[in-house]
Amino acid sequence: MFNLTRLLQTLTDALSLGSLYALIAIGYTMVYGVLRLINFAHGEIFMIAMYIVFYGISLFVLPWYVTFALTILITALLGTLAERLAYRPLRSAPRISILVSAIGVSYFLQNLATVLFGGRPLNFPQIPLFTDVLIIGEIYIQRLSLIVPVVTAVLLLLLLLLIKRTRTGMAMRAVSRDYDAASLMGIDLNRTIAITFFIGSALAGVGAIMWGMEDTRIRPTIGSMPGIKCFIAAVLGGIGNTGGAVLGGLLIGFIEIVTVALFPSLSGYRDAFAFIVLILVLLVKPTGLLGEKTTEKV
Amino acid sequence: MTKMKKSSVVLTCLLLLLLSGALAFIDGNASQYIVRITRLCAINIVLALSMNLVQGFTGIFSLGHAGFMAIGAYSVALLTIPVAKKETIFMLEPLIAPLDTLTLPFGVALIIGGVLAAAAAFLIGLPCLRLRGDYLAIATLGFSEIIRILITNAQCVTNGAQGLKSIPKTADIWWCYGIALVVLVFIALLVSSSYGRALKAIREDEIAAESMGISLLRHKMLSFMISAFLAGVGGGLYASYIGTIGPDVFQISRTYDILMIVVMGGMGSITGSVLAAFIVTIGQEWLRVLDGPLPFLPFWPENGVSGMRMVVFSLLLLIIILFFRNGLFGHKEITWSSVGARLSALSGHAHKEVTKP
């Protein structure tokens, strides 16, 4: 049970899954930061990205790098489009309306995917460069498991640079700090929010490519569970905080993999862990692990 | 419902009489299919009113309806399926001790289902209702999925993915509409009571409500638990209505169906929810045409596109929230005086305009 091989194997799996969760959670936390909106459609945009890869490689036989670039671009545009059409008109409406709208987009995309792509699972294309299995000593690792954390780390670094060092990033921080004041200071809200959606959705696209290669069976409902879990991850780390989303994602990944490794009989309940952790953390620390305490002023 | 006018009382009684006459007619003469849809309308009224209480009147966003329904549905199923049938249903693992020899009357089972759903709501609400509304949305959504995971895995109670069949179809048209009426009256009394006014105050401005001395947690919890109770009862009715349940029946799309009704009727309008329950339930049946062949459209596949119905349905939800955000009635209600004003305006006797707020 407690041998080194098994331990390393488990930790690699956990790191890989956790990084994927982190990538998707960033999209939730960024959008929540600027709009105070749970973007329910994020999981569905993530799902559509997988189908784009499938059609790019399996149907149009494009090289993988072209497909990946196209996927990320289309996904990012799709996210931005959803904001433009379904969220922007409701920005001044009661908050419940925009939440319903987000649910509408999510439900619509899922139903549309069922009609367009069929309800049966499709086999995600395998790309040897990523999906080959490496054998190090006695450990069997898909190359992907090592690539995922590296990609996530690099993207996170770039994102943090963008947020901390560029004017756009400064605008994003300003909008998330105080929406109205930011617009009074001459910040173009529409542009800043659109960019936020673009980046968040692009990251979901990257996440989807790697998720597809690990999961291998894609179906229209594939985005729902990761969607819920990653929002939970973002809340866990402190919603609105990019570092917190990564921490939350990694934490949920580790908890899921390690618990199942220690107690295999619990594997059926795996999807429930994130939720239980959320409830426990909220009881102790309502703003999440890295969240700031905010008081609402009148 | 402060002091109704005498004429309103008479009119309401007449309407009820008329409706029960219509129901008796449908029950006796209409086809099985029509009777089923009519019953579903009543179940959806119960579910929509229960969701409207939290979403529309309290202004908190709960997405756990499918989960609460599942609790109610499984309670009713496990407590009403005859003992002999239970043995044949639980093939893989026998049902655990007290449940395997226990059957209760349908009404009692419904209430137990509702109480269990309310208890679940209490457990979720305790950590989440103290925080911003969004946390409740995601926690209830997660809960609703977890209930399905529990149902799939707890073989010895729920029979796992095989589900439960031969649930007695006790919920006839009279059960469904009887309960819908009780719930309707209860919600109407609740929202016009001091509790209801407190809930509306919370909806309009939490901070202002709190500084007026309204306990946010207590009132939100009350509203959330009552809503869960009613959703559990609605789920129990639904179980008896379809006769066979499994984890897949209570997917999150069930919640979205109810959300559609609430949004269409107007978040915060009881009469709106009732009317929209009929429109959406019957409309969903009509939309079935879209799944079949549409010969008048060129390029449409000969055998139709299955799933098209849901695409249109979700698109309609989006259109309503984007362009008709207040739904049919917004916060307003249909009352006899509003109907009267509308009628006299139509007939031209009264020249004064119907004032709009």
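Chain identifiers are assigned alphabetically (A, B, ...) following the order of the sequence lines, protein sequences preceding nucleic acid strands; residue numbering begins at 1 within each chain. Just so you know, these numbers use all the heavy atoms, side chains as well, and skip hydrogens, waters and symmetry mates. Here the structure is a predicted model, which is why all the values come from computation and not from measurement.
- Looking at heavy atoms from C-beta onward, A:Gln110 lies out of side-chain contact with B:Ser253 at the 4.5 angstrom threshold.
- B:Asn326 contributes atom CG, which lies 7.5 Å from atom OG of A:Ser97 (distance to the nearest 0.5 angstrom).
- No side-chain heavy atom of B:Leu317 sits under 4.5 Å from any side-chain heavy atom of A:Ser101.
- Most heavy-atom pairs under 4.5 Å with chain B, from the set A:Ala274, A:Gly268, A:Gly118: that is A:Gly268.
- The minimum heavy-atom distance between B:Gln55 and A:Ile96, with the atom names listed, is O-CD1, 3.4 Å.
- The nearest pair of heavy atoms linking B:Ile321 to A:Leu90 is O-CD2, 3.6 Å.
- Heavy atoms closer than 4.5 Å to chain A are found in the side chain of B:Arg130, but not in its backbone.
- Taking 4.5 Å as the limit, every side-chain heavy atom of B:Leu141 sits out of range of all side-chain heavy atoms of A:Phe231.
- No other option in A:Val100, A:Leu280, A:Leu283 has as many heavy-atom pairs under 4.5 Å with chain B as A:Val100.
- You'll find the side chain of B:Phe61 reaches within 4.5 Å of the side chain of A:Ile103, heavy atoms only.
- Using a 4.5 Å heavy-atom cutoff, the side chains of B:Met308 and A:Leu112 are not in contact.
- For the pair A:Tyr107 and B:Met310, the minimum side-chain heavy-atom distance is below 4.5 Å.
- Only the side chain of B:Met267 comes within contact range of chain A, judged by heavy atoms closer than 4.5 Å.
- For chain B, the nearby parts of A:Ile279 are the backbone and the side chain; heavy atoms of each come within less than 4.5 Å.
- Between B:Phe313 and A:Asn111, the closest side-chain pair of non-hydrogen atoms is not below 4.5 Å.
- Per-residue heavy-atom pair counts under 4.5 Å with chain B were compared for A:Leu109, A:Leu37, A:Val235, and the maximum is reached by A:Val235.
- Between chain A and the residues B:Val305, B:Leu315, B:Ile319, the most heavy-atom pairs under 4.5 angstrom are made by B:Leu315.
- For B:Leu123, no part sits under 4.5 Å from any heavy atom of chain A, backbone or side chain.
- For the pair B:Cys128 and A:Leu282, the tightest heavy-atom approach, listed with the atom from each and the gap, is SG-CD1, 4.3 Å.
- When all heavy atoms of B:Ala154 and A:Tyr269 are compared, the closest pair comes out as N-OH, 4.1 Å.
- Closest approach of A:Ile228 and B:Gly142 over heavy atoms only: CG2-CA, 4.1 Å.
- Interface remark: of the candidates A:Ile98, A:Ile38, A:Thr114, A:Thr221, A:Ile38 forms the most heavy-atom pairs closer than 4.5 Å to chain B.
- Chosen from A:Leu278, A:Val105, A:Ile232, the residue pairing most often with chain B at heavy-atom distances under 4.5 Å is A:Val105.
- B:Arg148 places none of its side-chain heavy atoms less than 4.5 Å from the side chain of A:Asp271.
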Donor-acceptor list for residues 78-89 of chain A side chains, cut-off 3.5 Å, not counting sequence neighbours:
{"from": "A:Thr80", "atom 1": "OG1", "to": "A:Ala76", "atom 2": "O", "distance (Å)": "2.6"}
{"from": "A:Glu83", "atom 1": "OE2", "to": "A:Arg91", "atom 2": "NH2", "distance (Å)": "2.7"}
{"from": "A:Tyr87", "atom 1": "OH", "to": "A:Asn39", "atom 2": "OD1", "distance (Å)": "2.7"}

